[in-house]
Amino acid sequence: MSSDHREEPLNFIEQIIKEDIESGKHDGRVHTRFPPEPNGYLHIGHAKAITLNFEIAQKFGGKTNLRFDDTNPTNEDTEYVDSIKRDIRWLGFEWEGEALYASDYFEQLYEFALRLIDKGLAYVDDSTPDEIAAMKGDIGVPGKESPYRNRTVAENRELFEQMRAGAFPDGAKVLRAKIDMAHENLLMRDPLLYRIKRDHHHRTGDKWCIYPMYDFAHGQSDSIENITHSLCSLEFIHHRPLYNWLIEKLEIFPSRQIEFARMNVAYFITSKRKLRRLVEEGYVNGWDDPRMPTLAAMRRRGYPPMAIRTFCNKAGITRRENLIDMNLLDFCVRDELNQTAPRVMAVLDPLKVVVTNYPEDKVEDMEVVNNPEDESMGTRTMPFSREVYIERKDFMEDPPKKFFRMAPGRNVRLKGAYILHCEKCIKDEATGEVKEVHCTYYPDSRSGSDTSGIKAKGTLHWVSIAHARSCEVRLYDRLFTDPTPDGHDGKEYLDFLNPNSLEVLEKAYIEPNVGAQIKAGNPLQFLRMGYFCVDPDTTDGHWVFNRTVTLRDTWKKINKQQKGKKKK
RNA sequence: AGACCCAUGGUGUAAUUGGCAACACAGCAGGUUUUGGUCCUGUCGUUCUAGGUUCGAGUCCUAGUGGGUCUACCA
């Protein structure tokens with residue numbers, strides 16, 4: 001297909017994998033995993049990790065597991081398991097075999113713990129959390145060894161078995177690795193491996209009262225699954241020595257952890273806690289509110305999954321801090337939708353236009369193309385009549401330079417129909433508001449068979465008043481007014497909420513012959529207005545559309561520039 | 001304070017691993033257009049600082065500067 005010989009550059013992880021394959025490591029096998037904790041909804045940051053893990057495996061002929069990291073029963077729930085699976089599939093990925101769970105390895109993990117105890121590398125500690133914290137030392141200050149550190153193997157074994165059997169209350173004892181209380185890396189100062197916690201687990205129920213900590217579950221699960229490359233975000237970099245230490249001492253499959261910088265997107269936040277607050281305190285209408293950065297929200301907003309994947313790929317993989325421009329996301333979304341979204345005409349802020357020389361009872365069917373980018377999408381018809389709506393902003397009584405739309409004395413084309421000559425506007429005497437515009441049309445200017453020779457600089461979208469359908473349109477803007485709402489001292493992210501992030505238009509109008517498109521999630525381009533999609537709130541009698549993203553708007557820019565000049 | 005990580009246009013990533021700093025987005029200026037969309041053309045602008053190694057450094061070394069991470073019985 002492609003004739004260009006330039007190889008696409010590999011990111012640093014792909015380079016590592018390529019080298020591993022070339023050196024015959026793991027017989028050239030590549031196996032990654034996506035390890036979410038089922039305690040919340042997936043967001044754009046997860047999309048990056050998902051795309052990376054699945055696509056990198058695909059690229060090198062490998063596999064990707066989905067493994068739920070469910071070692072803390074307190075916040076985890078099956079509800080999240082289902083939504084996570086749905087979101088991954090929505091992005092277009094399918095994991096290897098069945099979904100896996102760290103909790104399936106609890107018995108094996110327990111065996112691993114005994115193995116460590118037998119080697120004299122783990123001990124049961126009776127210290128309280130406060131005591132453990134106090135003995136941990138500080139950055140640059142070595143810690144102190146626990147008085148329980150030198151229990152015998154036999155004693156440790158018996159105590160740990162009793163821990164499992166439920167002999168001790170919650171928090172009474174922990175199992176710790178025996179490494180080095182003076183280690184410069186705080187995580188190596190005898191890290192906790194198991195805690196006692198009586199809580200109902202979403203899968204194992206009440207079978208266990210001890211649960212492994214992240215560091216004694218994640219890497220071991222990787223190893224159990226023979227994961228070759230365990231990709232995670234930069235914050236786990238300090239865990240790597242421990243990750244490797246445990247694998248080495250346990251003498252299990254040597255998975256390799258590789259860290260990359262997580263993706264930050266301007267005007268987005270991804271902290272679970274902060275997102276939860278937005279939902280719980282009603283700043284947004286739920287986890288799938290189209291203003292949220294969750295995948296459920298992006299789906300509802302109409303972002304095509306492929307656009308999100310493209311976006312993640314274009315953002316790239318490195319170990320640097322980054323803040324991705326939202327323009328890139330918009331670009332990816334528009335690029336995808338430009339190819340796929342059928343065009344329709346909808347008037348969001350209607351202004352009545354009367355074509356005074358058009359017969360009152362006449363109706364003509366105008367043929368219009370569904371997508372100029374894709375001829376195979378065919379055409380449809382739009383009824384044209386004496387009274388139509390146009391966009392209020394497309395008329396100006398006293399227009400500035402470079403305004404190509406409707407104004408008294410000027411010609412404009414109604415897309416797919418006739419060229420109109422604007423005669424006058426009628427205003428409300430009290431308010432000065434333009435109530436309607438009177439035009440005449442050129443009968444020989446009909447679209448497709450125009451013999452008038454008249455040129456019109458602008459082309460407007462329109463709907464026939466008698467035929468149009470009323471609908472609801474929801475316009476979304478960024479949720480925050482600041483690119484890094486949670487990055488300011490002295491202010492919190494809620495201080496930067498955009499008061500205009502949602503605008504609901506109850507009285508918008510859409511052309512009538514689009515019924516087949518009205519299925520929740522379907523994308524549409526409202527000609528000249530933007531990309532929209534059908535919201536799931538839609539019923540037969542009430543159509544609701546979400547604006548996914550606007551079209552690029554050169555006029556808006558010109559207009560701004562002109563206004564800026566006037567001020568000067 | 002210590003350890004670790006990082007530093008390339010406005011933003012994000014490349015640079016055949018030591019050989020003319022490139023691509024995308026954004027910006028700007030044009031062209032095409034029955035969407036002020038798409039598409040096309042042009043244009044702007046970059047290696048944190050100081051030393052060192054080398055014929056040659058964005059790349060290697062040293063020091064500095066700046067940013068990030070780490071002291072949960074969370075993951």
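Model, not experiment: these values are computed from the prediction. In what follows, every chain begins at residue 1, and chains take the letters A, B, ... in the order their sequences are listed.
Residue A/Leu551 is in base contact, counting any heavy-atom pair closer than 4.0 Å across all strands shown. Note on A/Asn322: only backbone sugar-phosphate atoms sit closer than 4.0 angstrom, heavy atoms only; bases stay farther off. Note on A/Gly458: nothing from the nucleic acid sits closer than 4.0 angstrom, heavy atoms only. Residue contacts for A/Gly143: at a heavy-atom cut-off of 4.0 Å it reaches no nucleic acid atom on any strand shown. At a threshold of 4.0 angstrom between heavy atoms, the contacts of A/Leu527 include nucleobase atoms, whether or not backbone atoms are also involved. A/Leu414 comes within 4.0 angstrom of no nucleic acid atom, judged by non-hydrogen atoms across all strands. Among the atoms of the strands shown, base atoms are found under 4.0 Å from some heavy atom of A/Phe403.
Taking atom CG of A/Leu186 as the reference point, atom P of B/rC4 lies 14 Å away to the nearest angstrom. As a whole-Å value, the separation of A/Ile237 CD1 from B/rG67 P is 19 Å.
For the residue pair A/Asp130 and A/Thr128, no side-chain donor N or O sits within less than 3.5 Å of a side-chain acceptor on the partner. Residues A/Tyr243 and A/Asp222 have side chains that bring a donor and an acceptor to within less than 3.5 angstrom of each other. For the residue pair A/Tyr41/A/Asp87, the side-chain donor-acceptor check at 3.5 Å is not satisfied. With 3.5 Å as the limit, one finds no donor-acceptor pair spanning the side chains of A/Arg343 and A/His461.
Phosphate proximity of B/rU13 to A/Thr318: present, with a side-chain N or O under 4.0 Å from OP1 or OP2. Taking side-chain N and O atoms only, A/Arg334 has no distance below 4.0 Å to OP1 or OP2 of B/rG37. OP1 or OP2 of B/rC28 lies within a sub-4.0 Å distance of a side-chain N or O belonging to A/Gln561. Taking side-chain N and O atoms only, A/Arg320 has a distance below 4.0 Å to OP1 or OP2 of B/rU13. Between A/Lys557 and the phosphate of B/rG27, there is a side-chain N or O to OP1/OP2 separation shorter than 4.0 Å. In this structure, A/Arg528 does not reach the B/rG37 phosphate: none of its side-chain N or O atoms is under 4.0 Å from OP1 or OP2. Close to B/rG36, at under 4.0 Å from its OP1 or OP2, lies no side-chain N or O of A/Arg405.
Nearest to the side-chain atoms of A/Ala315 among the listed nucleotides B/rG36, B/rG37, B/rG12 stands B/rG12.
Here the side chains of A/Trp555 and A/Lys393 are not in contact, with every heavy-atom distance at 4.5 Å or above. A/Glu391 places none of its side-chain heavy atoms less than 4.5 Å from the side chain of A/Leu460.
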Below 3.5 Å is the cut-off: list the nitrogen or oxygen pairs between protein and nucleotides 72-75 of chain B, distance only.
{"residue": "B/rC73", "atom": "N3", "partner": "A/Gly171", "partner atom": "O", "Å": "3.3"}
{"residue": "B/rC73", "atom": "N4", "partner": "A/Ser127", "partner atom": "O", "Å": "3.4"}
{"residue": "B/rC73", "atom": "N4", "partner": "A/Gly171", "partner atom": "O", "Å": "2.9"}
{"residue": "B/rC74", "atom": "OP2", "partner": "A/Arg195", "partner atom": "NE", "Å": "3.0"}
{"residue": "B/rC74", "atom": "OP2", "partner": "A/Arg195", "partner atom": "NH2", "Å": "2.8"}
{"residue": "B/rC74", "atom": "OP2", "partner": "A/Lys197", "partner atom": "NZ", "Å": "3.4"}
{"residue": "B/rC74", "atom": "O3'", "partner": "A/Arg195", "partner atom": "NH2", "Å": "3.3"}
{"residue": "B/rC74", "atom": "O2'", "partner": "A/Asn72", "partner atom": "ND2", "Å": "3.1"}
{"residue": "B/rA75", "atom": "OP1", "partner": "A/Thr71", "partner atom": "OG1", "Å": "2.8"}
{"residue": "B/rA75", "atom": "OP1", "partner": "A/Arg195", "partner atom": "NH1", "Å": "3.3"}
{"residue": "B/rA75", "atom": "OP1", "partner": "A/Arg195", "partner atom": "NH2", "Å": "3.0"}
{"residue": "B/rA75", "atom": "OP2", "partner": "A/Tyr214", "partner atom": "N", "Å": "2.9"}
{"residue": "B/rA75", "atom": "O3'", "partner": "A/Asp69", "partner atom": "OD2", "Å": "3.4"}
{"residue": "B/rA75", "atom": "N6", "partner": "A/His239", "partner atom": "NE2", "Å": "3.2"}

Identify all pairs in which a protein N or O lies below 3.5 Å from an N or O of nucleotides 16-19 of chain B, and state each distance.
{"residue": "B/rU17", "atom": "O4", "partner": "A/Gln15", "partner atom": "OE1", "Å": "2.4"}
{"residue": "B/rU17", "atom": "O4", "partner": "A/Gln15", "partner atom": "NE2", "Å": "3.4"}

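Of the C1' atoms belonging to B/rC23 and B/rU65, the separation is 30 Å, rounded to the nearest Å. Between B/rC28 and B/rA7, the distance separating the two P atoms is 31 Å to the nearest Å. B/rA29 and B/rA63 are spaced 49 Å apart, taking the P atom of each and rounding to whole Å.
Salt bridge annotation for A/Arg33-A/Glu225: absent, with no cationic side-chain nitrogen under 4.0 angstrom from a carboxylate oxygen.
Both A/Asp553 and A/Ile139 lie near RNA chain B, and the one whose nearest nucleotide falls closer to the 5' end is A/Ile139. Comparing A/Ser449 and A/Arg240 by the nucleotide of RNA chain B that holds the closest heavy atom to each, the one mapping nearer the 5' end is A/Arg240.
Each of A/Val368, A/Val514, A/Asn513 was compared with A/Met382 under the side-chain contact (heavy atoms from CB on, under 4.5 Å) criterion, and only A/Val368 meets it. Results of the side-chain contact (heavy atoms from CB on, under 4.5 Å) test with A/Phe526 over A/Val347, A/Leu551, A/Leu348 single out A/Leu348 as the only residue that passes.
Remark: RNA chain B takes part in the stems B:2-7 with B:65-70, B:10-13 with B:22-25, B:27-31 with B:39-43, B:48-52 with B:60-64, each of 3 or more antiparallel Watson-Crick or G-U pairs, criterion distances under 3.5 Å.
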